[in-house]
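Values in this document were obtained by computation on a predicted structure and should not be read as measured data. Residues: numbered from 1 along the sequence shown.
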Amino acid sequence: MSPLGAPSADAQAHSAHLREVIQEQIIAAGGSIPFWKYMELALYTPGLGYYSAGAHKFGKGGDFITAPERSPLFSAGVATAIAPALRQAGKGAVFMELGGGSGAFAESCLLALQDIGVLPARYAMLEPSADLRQRQRERLQAQLPAELFARVEWLDGPIAEIWNGVLFANEVIDALPVPRFVIRAGEVMEEHVALDGEGRFVRTEKPADAMLIGAVRNIERRLPEPLPEGYRSEALAQLPYWMQAVVGGLQNGALLLIDYGYARSEFYQPERSDGTLRAFRQQHVTNDVFAWPGLQDITASVDFTAVAEACVGAGFEFSGYCSQSSFLLGNGLERHLQAAEAQAADEVARHNLRQQVKHLTLPSEMGERFQAIGFQRGVELDAAFLLGDLSHHL
């Protein structure tokens, strides 16, 4: 039983249904599926997966709280950072947000961009979850002025035609289904998921394919020595292809990605010998990624060196890399806080704003665990990373 206690009867039935779907996939595949496939099914199976069903995921009543849920001051910082790039992208500039969560970021970012005077012609949200799309639509229609809401659209896929603007993703890459590998006798094996005699999910290993082997060997080239026997971790081998797909026809524009993770040399340290994989339920973290499929988030930290390789490989120039704390402080956080305090109703509201800043910036909270990385082509994003640049770590 989970230390959090068992979910409700309805939730347990939901999870059991998804468990049966995954079991059937394992049997149909001959006895095992790659871990990334298990993660994909657990998170994205239509109507059943964690991100595809109707459970409350974001905010105080959900399983985790993202930075936009913490405070609109986060969105104000992002708006300040990307405003020059939006201006340079021209009259028809598009702001494209991957994911979108509850819609909290879109709401506060659009208002902040309006204050700056740099509204995009279109605010495009690429959200695969029909449930989340509906929640976003309801929130934004209720909270935004009609003129701002009219700029928002939901995409069924990346923008294939030529477009100029900014692509933004907060806590998206960590939720991509990720292959797991383990080193055996110097060879790269891929972690699979099989069933034991009672139908429970168990880990097993199969020889890795050429793509995963290549990704692991590329990782090792940046490390002081090869990964040791039994070392287990994640390698998002498909990241370059995913990145090229999501930017679509972006011609002149910038990419801004914020997530938790490390530069490669820190990601694959000897003491991190079982990787970074974990699950979240009711704002508690667990290592049991097989518990309650469909009811808990599954995530892995981001290798920001791999992100840099993928984006430069897609034809973008590197802009900068720093902690979330440095990013927000370097993009007007103190000014945004003062403006918000000036409009606050009372001292309690001002205290809450200061607490929000602590959550966003303190090393013990989100400040150092989350990193921001940017790329540009035909526009400028460099100035967003002038404070606390960590490019040398990549």
Side-chain angles (χ1 to χ4, degrees), residues 2-3 32-40 42-43 64 171 173-194 196 200-240 259-281 284-291 293 296-310 321 323 363-364 366 368-371 373 390 392-394:
S2 165
S32 75
I33 55 175
F35 174 80
W36 69 262
K37 184 64 177 178
Y38 168 84
M39 184 172 173
E40 179 181 74
L43 297 182
F64 50 85
E171 290 197 59
I173 297 177
D174 67 83
L176 295 178
V178 62
R180 294 257 291 167
F181 70 87
V182 61
I183 304 299
R184 297 293 184 203
E187 299 299 321
V188 180
M189 304 291 285
E190 181 169 10
E191 182 175 305
H192 276 230
V193 179
D196 68 8
R200 293 173 298 206
F201 300 128
V202 293
R203 299 195 305 192
T204 186
E205 297 160 13
K206 295 284 186 71
D209 62 19
M211 183 181 292
L212 183 55
I213 292 171
V216 174
R217 297 311 183 202
N218 182 52
I219 288 165
E220 289 181 314
R221 279 194 285 273
R222 291 290 200 93
L223 302 177
E225 54 190 35
L227 295 168
E229 173 69 18
Y231 193 95
R232 188 183 301 268
S233 193
E234 304 84 31
L236 201 55
Q238 70 273 35
L239 185 60
D259 223 313
Y260 48 85
Y262 317 94
R264 181 165 295 162
S265 59
E266 187 177 357
F267 193 111
Y268 297 101
Q269 287 183 347
E271 60 268 27
R272 201 168 280 118
S273 59
D274 196 38
T276 67
L277 194 71
R278 64 265 201 206
F280 288 91
R281 187 165 76 87
H284 287 74
V285 64
T286 173
N287 292 325
D288 187 359
V289 296
F290 296 144
Q296 61 181 10
D297 189 20
I298 303 174
T299 181
S301 295
V302 174
D303 172 0
F304 279 97
T305 305
V307 173
E309 291 171 346
Y321 170 65
S323 70
S364 59
M366 301 179 109
E368 303 297 328
R369 291 188 296 112
F370 284 74
Q371 318 295 324
I373 193 167
L390 297 174
H392 57 287
H393 287 186
L394 294 173

Would R184 and V182 satisfy side-chain contact (heavy atoms from CB on, under 4.5 Å), going step by step from the backbone distance to the final call? CA-CA 6 Å; R184 297 293 184 203; V182 61; 3.9 Å; yes
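- Residue-environment remark: CD (E229) exceeds the threshold of 12 foreign heavy atoms within 6.0 Å.
- With Q238 contributing its side chain and M211 its backbone, the two residues share no donor-acceptor pair below 3.5 Å.
- Among residues at least two apart or in separate chains, side-chain hydrogen bond (donor to acceptor under 3.5 Å, both in side chains) pairs with a member in residues 211-223 are R217-E220, N218-R221, N218-E309.
- F201 and Y38 have perpendicular rings, their planes meeting at more than 60° on a 0 to 90° scale where under 30° would count as parallel.
- Inter-residue side-chain proximity for P179 and E234 is flagged as unmet; no heavy-atom pair is nearer than 4.5 Å.
- Pairs passing the side-chain hydrogen bond (donor to acceptor under 3.5 Å, both in side chains) check and including a residue from residues 266-275, sequence neighbours excluded, do not occur.
- D259 places a side-chain N or O within donor-acceptor distance of the main-chain N or O of I173, the cut-off being under 3.5 Å.
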Verify side-chain contact (heavy atoms from CB on, under 4.5 Å) between T299 and V178, making sure each step is shown before the conclusion. CA-CA 9 Å; T299 181; V178 62; over 6 Å; no
Tell me, with the steps shown, if H393 and F304 meet side-chain contact (heavy atoms from CB on, under 4.5 Å). CA-CA 10 Å; H393 287 186; F304 279 97; over 6 Å; no
Assess the residue pair R232 and R203 against the criterion (side-chain contact (heavy atoms from CB on, under 4.5 Å)); give the C-alpha distance rounded to whole Å, side-chain angles, the decisive distance to 0.1 Å, and a yes or no. CA-CA 12 Å; R232 188 183 301 268; R203 299 195 305 192; 3.5 Å; yes
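- Using modelled atom types, one side-chain atom of Q371 and one backbone atom of E368 make a donor-acceptor pair closer than 3.5 Å.
- Note on ring orientation: taking the six-membered ring where Trp is involved, the planes of F35 and F290 are tilted (angle from 30° to 60°).
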